[in-house]
Amino acid sequence: MNIQITFPDGAQRSYPAGTTGMEIARSISEGLARNVLAMQLGGQTCDISTQVSTDATVRFFTWNDAEGKAVFWHSSAHLMAEALEAFYPGVKFGIGPPIERGFYYDVDFGDTRFSSDDFEKVEKKMLELAKRGSAYERSPVSKADAIAYFQEKGDPYKLELLEDLSDGSITFYRQGEFTDLCRGPHIPDTSPIKAIKLLNTAGAYWRGDEKRKQLTRIYAITFPKKSELDEYMHMLEEAKKRDHRKLGKDLSLFTFSQRVGQGLPLWLPKGAALRERLENFLKLRQRELGYEQVITPHIGMKDLYVTSGHYAKYGKDSFQPIHTPDENEEFLLKPMNCPHHCEIYNSEQRSYRDLPVRLAEFGTVYRYEQSGELHGLTRVRGFTQDDAHIFCRPDQVKEEFKVVIDLVLYIFKVLEFSDYTAQISLRDPNNTEKYIGSEENWNRAEQAIIEAADEKGLKTVIEYGEAAFYGPKLDFMVRDAIGRSWQLGTIQVDYNLPERFDLTYIGSDGQKHRPVMIHRAPFGSMERFVAVLLEHTGGRLPLWLVPDQVIILPISEKYEEYAREVLKLLKKHDIRGLVDERSEKAGKKIRDAEVSKIPYMLIAGEKEAADGTVSVRKHGGTDLGVMDTSTFIELIKEETNI
RNA sequence: GCCGAUGUAGCUCAGGGGUAGAGCGUUUCCUUGGUAAGGAAAAGGUCAGGGGUUCAAUUCCCCUCAUUGGCUCCA
């Protein structure tokens, strides 16, 4: 009996029933047969050795497909486990999945220590095993047999995993000496794994549960070619150069001090000026959009946070209260600005005609983050939010929300963040007691966000269980240099704080009504935003933001006077720059200016001094030639006009 | 907070039981130059902090702090 196989391009071929994926691949071309790693059969990814017995759609995966890579890395994880077992008999294995780049395996080494010193021998062993070309053999097992196997082997983790599996759906995969509980699929055999690198180890709680045993997670990556591994390692090196912590140091933007405390950034003059420019940029836009700036203190009475609900939720896990000589007095460092802003709203009676009231503040807040999760400027304990709270009528929520979305997108556009994702965070439907506020309000808020995002044409992903405890939110996430995703802009609807603070406005009916609150921070925080901006630009900040826009390079001492004159003129036009007065050759000065990423170099020598011109070189090497100083000033003005 | 790694000059790093080294940077002098590194000299260090072992510790051991890769967490 023959079966019809349909390929992704729509072509069809017929084969005898029971033909394997590999045979089908070979019938297409020898090259495909050599490179194919797995296949998709009727929507399911499976081994290439699978026999096809009914009409089906088939797609082949090679290293060039994300699916192919995932299978390759999953198989590599098994190979690593085999190598580890060879060195450490009796080790127990948790899970070993592929990840976005590479794979990991969680291992319980018992009393043995495993660290980066042991990487090399494992890599060597893996290569040796890979060369044998052992097949990955799939075998269905009964649940009883599976349990018996791992009981015999003494692996409690696999036994626990087995508990959740139903009989009949369990398969083992074996390659060489190693057998693992695994759904698959896998590559045909180990031979395509040609380049292997163990990357790092980490402690990882079994099943992500802090209370359970911590296993050693080994991260690694493999490739079918040595050159691809080299390329990958090189890419990692390059990414390191874009790390905002390095750039912040190189460009003298910020620093940390052990004596001030961990996670408490110190902004250096250039960094502070950069941040101020960003703040002014946003302030200007917000003024146009009807925001009013306010200023509130860094501390507030404990009662304020009891009222807001934050104390009950986070009091114990945060910075501890501040006491005054008056023993009844207790203050808290503010972990957010909303309660203060609510009190400002409450300071006068509001009419429906006054709404929306939009209160904005670059508010510095303090949060006790666990020491292990602090990271450069992206995760700190003291930071400044570009915060604002919009108090509006229920009928204005969606419109206000849309305007805020526009504001975020405007910022992303100006700063050329094109690679962002928008995430709608809703309640965890299985754990609703985590949240404060009524069911009805939550539903309304969630609906408003979904609709506003939809009407703005935003491509969003919905995450359940990611909402704040007081309301759902829309977050904008941007990736850093090494692919980690950070939340920047955030917009949150809140029906709860208005209740708790008893916020009201007088409606057209003369009655009191409850306003709705929207929290929003388009940058997220100044710290995190600057960090991500640095990594995005690799330190080559846009001209309007960069600390030093221009450096003037006199060819020799004789032209320093002229260089200073030019600088004076530039400063008159609000152009930021400096003169390199060192006794170095032009080549050296240019090199140093390139390294410090200054956008424009003005070379001033005999000819320029005589004619009142400058010779303009852009960062990166473009020579714009000689021009009048006034022409250059116009050029800068044009480019900084945002 | 937990598991691992790291901490040596302003920066990047080497070294190693007998009180420290390179490159870059800085300062000074020579050089006065044309689009990515001119030459010479000098200054600069409680080898993160504390304790221990030792005749002797920056080096070995322990603790603390900080940084860092993850995990957990993230208002």
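Bear in mind that the values here come from a model prediction, so they are computed numbers and not experimental data. All heavy atoms count here, side chains included; hydrogens, waters and symmetry mates do not.
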inquiry  = Taking the minimum atom-to-atom distance to the side chain of A/N200, which one of B/G69, B/G70, B/A36 wins?
reply    = B/G69
query = Would you call A/R207 and A/D164 a salt bridge, taking side-chain N to carboxylate O under 4.0 Å as the test?
reply = yes
query = What is the pairing partner of B/U59, taking Watson-Crick or G-U wobble pairs with both distances under 3.5 Å in any strand?
reply = none
Pairing partner of B/G21 (Watson-Crick or G-U wobble, both distances under 3.5 Å) = B/C13
inquiry  = Does B/C74 have its OP1 or OP2 closer than 4.0 Å to a side-chain nitrogen or oxygen of A/H375?
reply    = no
message = Check this one for me: any side-chain N or O of A/R617 less than 4.0 Å away from OP1 or OP2 of B/A36?
response = yes
query = Which one, B/C71, B/G34, B/A37, comes nearest to the side chain of A/R591?
reply = B/A37
task = Calculate the interatomic distance between A/L332 atom CG and B/A75 atom P; express it in whole Å.
result = 17 Å
ask   = Quick one: A/L198 CG to B/G70 P, roughly how many Å, whole number?
value = 16 Å
query = Hey, does A/A202 reach any base, or is it just sugar-phosphate, or nothing, if we go heavy atoms under 4.0 Å?
reply = base
ask   = Hey, are A/R564 and A/E581 close enough for a salt bridge, meaning a charged N less than 4.0 Å from a carboxylate O?
value = yes
request  = Classify the nucleic acid contact of A/Q487 as base, sugar-phosphate or nothing, counting any heavy atom under 4.0 Å across all strands shown.
outcome  = nothing
inquiry  = Measure CG/A/L199 against P/B/A5 and give the value in whole Å, please.
reply    = 17 Å
query = Got a donor-acceptor pair under 3.5 Å from the side chain of A/E608 to the base of B/G34?
reply = yes
query = On a plain distance test, is the side chain of A/R379 in donor-acceptor contact with the base of B/C74 below 3.5 Å?
reply = yes
ask   = In whole angstrom, what separates A/E584's CD from B/U35's C1'?
value = 15 Å
task = Would you please classify the geometry between the A/H389 ring and the A/H341 ring as parallel, tilted or perpendicular, with 30° and 60° separating the classes?
result = perpendicular
ask   = Between A/F523 and A/F529, what is the ring plane arrangement, given parallel below 30°, perpendicular above 60°, and tilted in between?
value = tilted
query = Rounding to a whole Å, what distance do you find between A/Y219:OH and B/U68:C1'?
reply = 15 Å
request  = Output the single nucleotide from B/U72, B/G70, B/G34 whose closest atom is nearest the side chain of A/K607.
outcome  = B/G34
message = Only pairs with both distances under 3.5 Å count, Watson-Crick or wobble alike; so what is the partner of B/C65 in this structure?
response = B/G7
request  = Identify whether any heavy atom of A/G261 sits under 4.0 Å from a base atom; if not, whether one sits that close to sugar-phosphate; answer base, sugar-phosphate or nothing.
outcome  = nothing
ask   = Between B/U67 and A/Q262, is there an OP1 or OP2 to side-chain N/O distance shorter than 4.0 Å?
value = yes
remark   = Which of B/U72, B/C71, B/U32 is nearest the side chain of A/E210? It is B/U72
task = Counting heavy atoms from C-beta on, name the nucleotide in B/C71, B/U32, B/U35 closest to the side chain of A/I590.
result = B/U35
remark   = Checking N1-N3 plus N6-O4 or O6-N4 for Watson-Crick, or N1-O2 and O6-N3 for wobble, each under 3.5 Å, the partner of B/C73 is none
ask   = Out of B/A75, B/G25, B/U12, which nucleotide sits closest to the side chain of A/K249?
value = B/U12
Distance-only donor-acceptor test (3.5 Å): side chain A/Y205, base B/G1 = yes
task = Check the angle between the aromatic planes of A/F223 and A/Y232 and answer parallel, tilted or perpendicular using the 30° and 60° thresholds.
result = tilted
task = From the options B/G34, B/G70, B/A36, select the nucleotide whose nearest atom is closest to the side chain of A/I603.
result = B/G34
request  = Remember a base hit wins even if backbone is also touched, and classify A/Y104 as base, sugar-phosphate or nothing at under 4.0 Å, heavy atoms.
outcome  = nothing
d(CG, A/D209; P, B/C2) in whole Å = 16 Å
request  = Identify whether any heavy atom of A/G372 sits under 4.0 Å from a base atom; if not, whether one sits that close to sugar-phosphate; answer base, sugar-phosphate or nothing.
outcome  = base
Nucleotide B/A75, atom C1' - distance to CZ of A/R500 in whole Å = 13 Å
query = Are any of A/R582's side-chain N or O atoms less than 4.0 Å away from OP1 or OP2 of B/G38?
reply = no
message = Could you check whether A/Q423 and A/T421, counting side-chain N and O atoms only, form a donor-acceptor pair closer than 3.5 Å?
response = no
inquiry  = Partner lookup for B/U26, please. Criteria are Watson-Crick or G-U wobble with both distances under 3.5 angstrom; report none if nothing qualifies.
reply    = B/A42
ask   = Could you go step by step and tell me if A/M235 and A/R101 meet the side-chain contact (heavy atoms from CB on, under 4.5 Å) rule?
value = CA-CA 12 Å; A/M235 196 271 290; A/R101 290 188 285 193; 3.2 Å; yes
query = Closest to the A/I555 side chain: B/G33, B/A36, B/G38?
reply = B/G33
ask   = CD of A/Q258 versus C1' of B/G7: gap in Å, rounded?
value = 9 Å
task = Among A/H340, A/K334, A/E343, find the residue that satisfies the side-chain hydrogen bond (donor to acceptor under 3.5 Å, both in side chains) test when tested with A/T296.
result = A/K334
message = Taking only side-chain N and O atoms of A/S583, does any of them lie within less than 4.0 angstrom of OP1 or OP2 on B/U31?
response = no
inquiry  = Base, sugar-phosphate or nothing for A/G605? Non-hydrogen atoms, less than 4.0 Å.
reply    = base
Under-4.0 Å side-chain N/O to phosphate OP1/OP2 contact, A/K585 with B/G39 = no
